[in-house]
Amino acid sequence: MPSKSSTRLAALTVAAVCAASTVTLASPAHAESVRIHDIQGDTRISPYARQQVTDVTGIVTGVRTYGSSRGFWIQDPNPDADPATSEGVFVFTGSTPQGVAIGDAVTVSGTVTEYVPGGTSSGNQSLTQITRPSVTVVSRGNPVPAATRIDARSVPAAYTPAGDPAANGSIDTLPLRPERYALDRYESLEGMNVQVSNARVVGATDPYTELWVTVKPWENRNLRGGTVYGSYDAQNTGRLQIQSLGRAADFPDANVGDTLTGITAGPLDFNQFGGYTLVAGELGTLKGKDQQRESTRRQHTGELALATYNVENLDPSDDTFAAHADAIVHNLKSPDIVSLEEIQDNNGPTDDGTVAADETMAELIDAIEAAGGPRYDWRSVDPADKADGGEPGGNIRQVFLFNPQRVSFTDRAGGDATTPVDVDKVRGKAALTHSPGRIDPTSKAFENSRKPLAGEFVFRGRTVIVIANHFASKGGDQSLTSQYQPPSRSSETQRHLQAKAVHDFTAKILKTQKNAAVVALGDINDFEFSRTTKILEGDGTLWSAVKSLPRSERYSYVYQGNSQVLDQILISPSIRRDAFSYDSVHINAEFHDQISDHDPQILRFRP
C-alpha cells in the first residue's frame, strides 16, 4: 500500500468535483481492485489521494439528496482486521444521485480526494471521498452492514494526540490509535454505518436541523442535563452531532436534557460546522425532559441587582420584543441595571448611515412596561457608522437599561463615539469624566469591535461604576476537531488587548479610590478559565463572580454540545468582600426556541 503524504492536500471546491456520475446496471469485470479500507488507510489522509481507483465495491448505506455535498455512502461488508481503517467512504456526485438506493451493491470508479469542509484556512480535518464517480449497480435489496456502536466503552477518555511539530501541529499523518484517542476513534469510523442508543441531548436543535448528543451520560454533567466545558483539556469526548437524511420537518425539536430513545443510526460524516456527524437514516424517538426556563429571585430592598443580557441583534423589525421583556420582568425579576449587548440601530441591518437606537430602545422599554415591569430609562453612546463590527449595517452597541425608581444615573456630558472617558478625583472619590463614556475607543484593541461603555450610578447614596462590554468574537478560531492539535485560538489576541484596557481602566479607578465599587460585565466571549479573564482580573483588580458557582453550574452558552461561559460579571474587591449572590439564569441557550443564544447573568449585592 502506498504511504500517505506528509503534507496537507488542498481543499477541492465543489465545482471541481461535481461532474455528473454515471450509473449502469451490469455485471462488473472481476479485475483486482482497491478495497475501501485501502483507500481510507490508517491515517487521516488517504494513500490514494488524487489517484484513480476502479471497481471499489460496497453496499450503499445512505443517500444524501440535499445541500452542496450530495452523494452516497458505501461500506464494504467484509472488513479487514485493522481497527484503524474505516470500511466506509462517501461518493460525491455533486448533483442529486440517480439510480442508487440504500441496499444496492455497487462498484465505483473515480478519483480519491481529500475535501476540507470550509477550506484549508479553516483548519478543519479533511473528508476522504471518491469524486467524478462511475457507478455500476450489481444487485439490489442487500442487507446494509450492521451499524457499529458508538458508546461510552468504545470512545476513549483522551481526546486527541498532540499534532506533529514538523507539520505545524497537524495530526493528519499520525497513525490512528482508536483505542487511545476519541478523535482517532471517530476518524476510524469515517463513512461507516454507526449508531448511538438512548443518547441524551446536550445541544438543542438549531435552525439547520442539527442537535448534539453525548454517549457518555456522566461526562461533566450538570443538573439540567448538559455537558460542561470547564477547561481546555476537558473537551468532552462523548459529544456527537446528529443530522438527518430525512425531511427537515421530521427532525425533532429537542432541548438540552431530552433523550433520543432507541437507535439513531446512519453514516458518520465530517462537516464544517461540528466535525464528526452521524447523518441519521434511522432517528430515535425524542423523549422530552420538560426542561423549564429558570427564574431568579427578586432582589431585596437593600440589594442592587445588575444583569447582563445579549439580546442578539435586536432592532425594531424583530418580533422578539415581548419575549425579551417577559424574560427581563419575570425571569430576571426586573433588575435595577441591565447591560444589554447587541442593541442595533433604528433600521437594523439596513446600511444607510443610521446609528441612533432610540426607536429600538423605546420599543423594548414599552414592552417591559406592558409586561408588568418598571418604566426603565437608558443611556448609551452611539457608535461611528460601521466601526464596531457585528452584522453589517446594524451598528450594535451596549446599552445601560436602568430603573430610575431604584437607581439614578450620573450624567456628565462629553462622551461620544471617539472621545475616551477618564477618571477624576472629586471630593476624595473616583468620578468618570464622561458618563456615559467609552473606554479608549480609538485604540487598536477595539478596532472593528464594540467599545466598553462606562457609566456612573448611585444606589442608596453609594456610587457604583459599571462597565458594559462586548469583546471580540471567537470567529476565526480553529475548532476542537481541527487537524491542528491543540487548535489555534487566534481571536484571543484582540480580546487580550481589550481585557488589558478594561483592567487598566478599572485599576485607575481603584488607585483613585481604593474602595470604589466597580462592576465590569457583558459578553466577554471567553471562558472563566481563559487568559482573557485572567488579564481582566489582573492582581485582584477584578474577579469573575461566575466562579462563585459550583463548576457544574458555570455556563451561559451552549456550543457544539458544550455548556460554557461566555457572559461574565466581574467585581472589584469592595464588592467581593461583602455578601453577594450570583445567578446564571438559563432561559435561552438550552432551548430550541430561544430568543437569544445567550443566557443572562445577574449579580446582587449591598453597596
Side-chain angles (χ1 to χ4, degrees), residues 4 9 12 17 21 33-49 51 53 56-65 67 69-80 82-94 97 100 102-117 124-131 133 135 142 144-150 154 172 176 178 183-196 240-245 264-272 274-282 481 483:
K4 291 196 175 183
L9 294 172
L12 294 176
V17 293
S21 60
S33 59
V34 173
R35 304 276 293 278
I36 293 174
H37 50 251
D38 297 324
I39 293 171
Q40 289 285 8
D42 61 0
T43 71
R44 286 172 165 80
I45 300 296
S46 171
Y48 289 89
Q51 296 185 34
V53 291
V56 180
T57 61
I59 305 294
V60 177
T61 59
V63 181
R64 182 157 55 201
T65 60
S69 184
R70 302 184 189 191
F72 58 93
W73 290 266
I74 60 174
Q75 183 168 331
D76 194 329
N78 300 303
D80 66 4
D82 187 351
T85 57
S86 171
E87 301 295 340
V89 71
F90 184 65
V91 180
F92 177 75
T93 58
V100 295
I102 294 173
D104 285 354
V106 299
T107 62
V108 178
S109 299
T111 303
V112 177
T113 61
E114 291 290 338
Y115 170 66
V116 183
N124 282 329
Q125 295 184 51
S126 63
L127 177 71
T128 302
Q129 53 187 23
I130 300 174
T131 61
V135 182
N142 300 281
V144 172
T148 300
R149 289 175 60 89
I150 299 178
S154 65
D172 272 350
L176 295 176
L183 287 193
D184 286 8
R185 173 60 174 165
Y186 292 128
E187 178 64 22
S188 73
L189 299 173
E190 180 191 272
M192 289 180 61
N193 191 28
V194 299
Q195 72 172 52
V196 297
L240 189 64
Q241 187 172 229
I242 306 293
Q243 293 178 339
S244 176
L245 284 172
T264 296
L268 188 65
D269 195 25
F270 188 95
N271 66 39
Q272 178 180 356
Y276 295 104
T277 301
L278 194 165
V279 187
E282 177 184 1
T481 54
Q483 62 152 309

Is the shortest heavy-atom distance from the side chain of [X] to the side chain of [Y] under 4.5 Å?
| X | Y | answer |
| --- | --- | --- |
| Asp80 | Asp38 | no |
| Arg44 | Gln483 | no |
| Arg64 | Ser69 | yes |
| Asp172 | Thr43 | no |

Exercise. Between the side chains of Thr128 and Glu114, is a donor N or O closer than 3.5 angstrom to an acceptor N or O?
Worked result: yes
For this session: State whether a side-chain donor-acceptor pair under 3.5 Å links Asn271 with Thr277.
Result: yes
For this session: Indicate yes or no for a side-chain donor-acceptor contact from Asp76 to the backbone of Gly58 under 3.5 Å, with no hydrogens or angles considered.
Result: no
Exercise. Sub-3.5 Å donor-acceptor pair from the side chain of Thr61 to the main-chain atoms of Pro267, do we have one?
Worked result: no
Specify the closest pair of heavy atoms between [X] and [Y], including all atoms of both residues, with the distance to one decimal.
| X | Y | result |
| --- | --- | --- |
| Ser244 | Val279 | C-CG1, 4.3 Å |
| Ile39 | Val53 | CD1-CG2, 4.3 Å |
| Ile59 | Val144 | CG2-CA, 4.3 Å |
| Val100 | Val63 | O-CG2, 4.3 Å |
| Thr481 | Leu183 | CG2-CD2, 4.0 Å |
| Ile130 | Val108 | CG2-CG1, 3.9 Å |

Problem set entry | Option from Arg35, His37, Gln75 for which side-chain hydrogen bond (donor to acceptor under 3.5 Å, both in side chains) with Glu87 holds | His37
Exercise. Relative to the ring of Phe270, is the ring of Tyr276 parallel (under 30°), tilted (30 to 60°) or perpendicular (over 60°)?
Worked result: perpendicular
